There are 2 protein chains.
Amino acid sequence: MDKERSAQAEVRDILRASKYKYTRQREKIMDVLLENIDEHLSADDVYNLVKDKAPDIGLSTVYRTLELFQDCNILHGIDFGDGCKRYELNHEIGEGHHHHHLICLVCGQIIEVKDDLLENLEKRIGAEYNFDICDHQLKFFGYCEKCAGQKSPV
Amino acid sequence: MDKERSAQAEVRDILRASKYKYTRQREKIMDVLLENIDEHLSADDVYNLVKDKAPDIGLSTVYRTLELFQDCNILHGIDFGDGCKRYELNHEIGEGHHHHHLICLVCGQIIEVKDDLLENLEKRIGAEYNFDICDHQLKFFGYCEKCAGQKSPV
DNA sequence: CTATGTGCAAATCCTTTGCAATCCA
DNA sequence: TGGATTGCAAAGGATTTGCACATAG
């Protein structure tokens, strides 16, 4: 895939720019992230997926790499309240798009909302609080179509 | 304090309405939450604060109570990425107000933004996705006034 | 060649759970 | 009274760390 190819090159350059090495493991982990760009993978998810490509990889390498990628602004972590951190590629990488999440309080389903109408709000608030905003995260909580009847957590 | 008094009564009624008991421990925990309404306390923070009022309380009671309060919509948990869940009273309880957070990527400082201009967006998205939205959470990431120079995490 | 990165196992941290004793309604 | 709640200690799960070895540049 061309898109993945260039995303890999981009990541390699980002890492090298910060004097980090572009290792086999980091490449494979990036592969997994790109192949599952619509998912919200946990470190363990990534570990299980990447083991097919690099059976000798260690779980701690996955943790360390995800943290490194986060520091390099390649991805960011989100908490959906299920007890582990999940990751999402930043929109500059791959075919990403800025989006938000609808989280169903009953079934836990997460629906992505393609929308980025917060730019004005972001500017206004940044100016008002003298805060240099570079990203935002918006979560909506409520009840999905299916669960709209039964309003109590499982 | 009158405000705290009535907030306590409100909580007591909410609990009783769901057939939960209004115990001494739950009352003391609520005290702590009301006295620190501007903070984002973790379970451990609450535990340490409440030990002054009820030295015999157990950490698991704190965890269980915070979870119960969350189920009852008295408070909700937020993740600021520091490895533990933090809690915030809902705006219906106490003197709360709907607000968002500015999180500094360098010093980790959290600034509250009093603002609720998302109602229209909420309505629009709810309608578009047929999702019954009852709450939202918005976080802005960036650099605070002090840290604006040094753009790299500590 | 040498600093960086890795795998493994052990350690750590936060949170949950089992159970007997206790307490509220 | 009787079911809900609690405290304690132990278990659980996610993440981090120490260290000897491997590897990218």
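This structure is a prediction, so every number in the text was calculated from the model and none was measured. Letters A, B, ... mirror the listed sequences (proteins, then strands); counts begin at 1.
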Worked check of side chain to side chain contact (heavy atoms under 4.5 Å, CB included) between A/L118 and B/L138: CA-CA 10 Å; A/L118 261 54; B/L138 176 56; 3.6 Å; yes
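Of the possible donor and acceptor atoms, one in the side chain of B/Q8 sits under 3.5 Å from a partner among the backbone N and O of B/E27. For the pair A/D71 (side chain) and A/L68 (backbone), a donor-acceptor distance under 3.5 Å is absent.
In this structure A/D56 satisfies the salt bridge (charged side-chain N to carboxylate O under 4.0 Å, His left out) test together with A/R24, sequence neighbours excluded. Partners of A/K53 by salt bridge (charged side-chain N to carboxylate O under 4.0 Å, His left out), not counting sequence neighbours, listed by chain and number: A/E35. Checked against side-chain contact (heavy atoms from CB on, under 4.5 Å), B/E39 has the following partners two or more places apart in sequence or in another chain: B/N36, B/L41. By the side-chain contact (heavy atoms from CB on, under 4.5 Å) test, B/T65 is found to be paired with B/R26, B/I29, B/T61, B/F69, residues two or more places apart in sequence or in another chain being considered. Residues passing the side-chain contact (heavy atoms from CB on, under 4.5 Å) test with B/L59 are B/D44, B/Y47, B/Y63, sequence neighbours excluded. Among residues two or more places apart in sequence or in another chain, the side-chain contact (heavy atoms from CB on, under 4.5 Å) test is passed with A/D13 by none.
Judged purely by distance below 3.5 Å, without hydrogens or angles, the side chains of A/H40 and A/H101 pair a donor atom with an acceptor atom.
Against DNA chain D, the stretch residues 62-69 of chain A makes heavy-atom approaches under 4.0 Å through A/Y63, A/R64, A/E67. Residues of residues 40-51 of chain A having a heavy atom closer than 4.0 Å to DNA chain C: none are found.
For the pair B/K28 NZ and D/dG7 P, the interatomic distance rounds to 13 Å; values are reported in whole Å. Atom CD1 of A/I57 and atom P of D/dT23 are 13 Å apart (whole Å). Residue B/K21 contributes atom NZ, which lies 12 Å from atom P of D/dG2 at whole-angstrom precision.
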Using atom types as modelled, flag every donor-acceptor pair under 3.5 Å from a side chain in residues 73-84 of chain A to any protein atom, sequence neighbours excluded.
unit_1, atom_1, unit_2, atom_2, d
A/H76, ND1, A/N90, OD1, 2.4
A/H76, NE2, A/E88, OE1, 3.3
A/D79, OD2, A/G81, N, 3.3
A/D82, OD2, A/R86, NE, 2.9
A/D82, OD2, A/R86, NH2, 3.1

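Phosphate contact (OP1/OP2 of D/dT6, side-chain N/O of B/T23, threshold under 4.0 Å): present. Dashed line: the shortest gap from a side-chain N or O of A/Q25 to OP1 or OP2 of D/dA24 is not under 4.0 Å. Of the side-chain N and O atoms in B/R24, none sit less than 4.0 angstrom from OP1 or OP2 of D/dT6.
Using cut-offs of 30° and 60° for the angle between ring planes, the A/H136 and B/F140 rings count as perpendicular.
Put simply, chain B comes within 4.0 Å of DNA chain C, heavy atom to any atom, from C/dC14 to C/dA25, going 5' to 3'.
Summary of helix geometry: the two end axes of the helix from C/dC1-D/dG25 to C/dA25-D/dT1, each defined by five base pairs via their C1' atoms, are inclined to each other by 50° (rounded to 10°).
Across all strands shown, B/K19 has no heavy atoms under 4.0 Å from either base or sugar-phosphate atoms.
Within the model, atoms OG of A/S42 and OH of A/Y87 stand 9.0 Å from one another, a figure rounded to the nearest 0.5 Å.
Here the side chains of B/L34 and B/M30 are in contact, with some heavy-atom distance below 4.5 Å. No side-chain heavy atom of B/V32 sits less than 4.5 Å from a side-chain heavy atom of B/K51. Counting heavy atoms from C-beta on, the side chains of B/F131 and A/C104 come closer than 4.5 Å.
Ranked by how close their nearest DNA chain C nucleotide is to the 5' end, B/S60 and A/D56 are led by A/D56.
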Could you run down the sub-3.5 Å N/O contacts of the protein with nucleotides 10-13 of chain D?
none

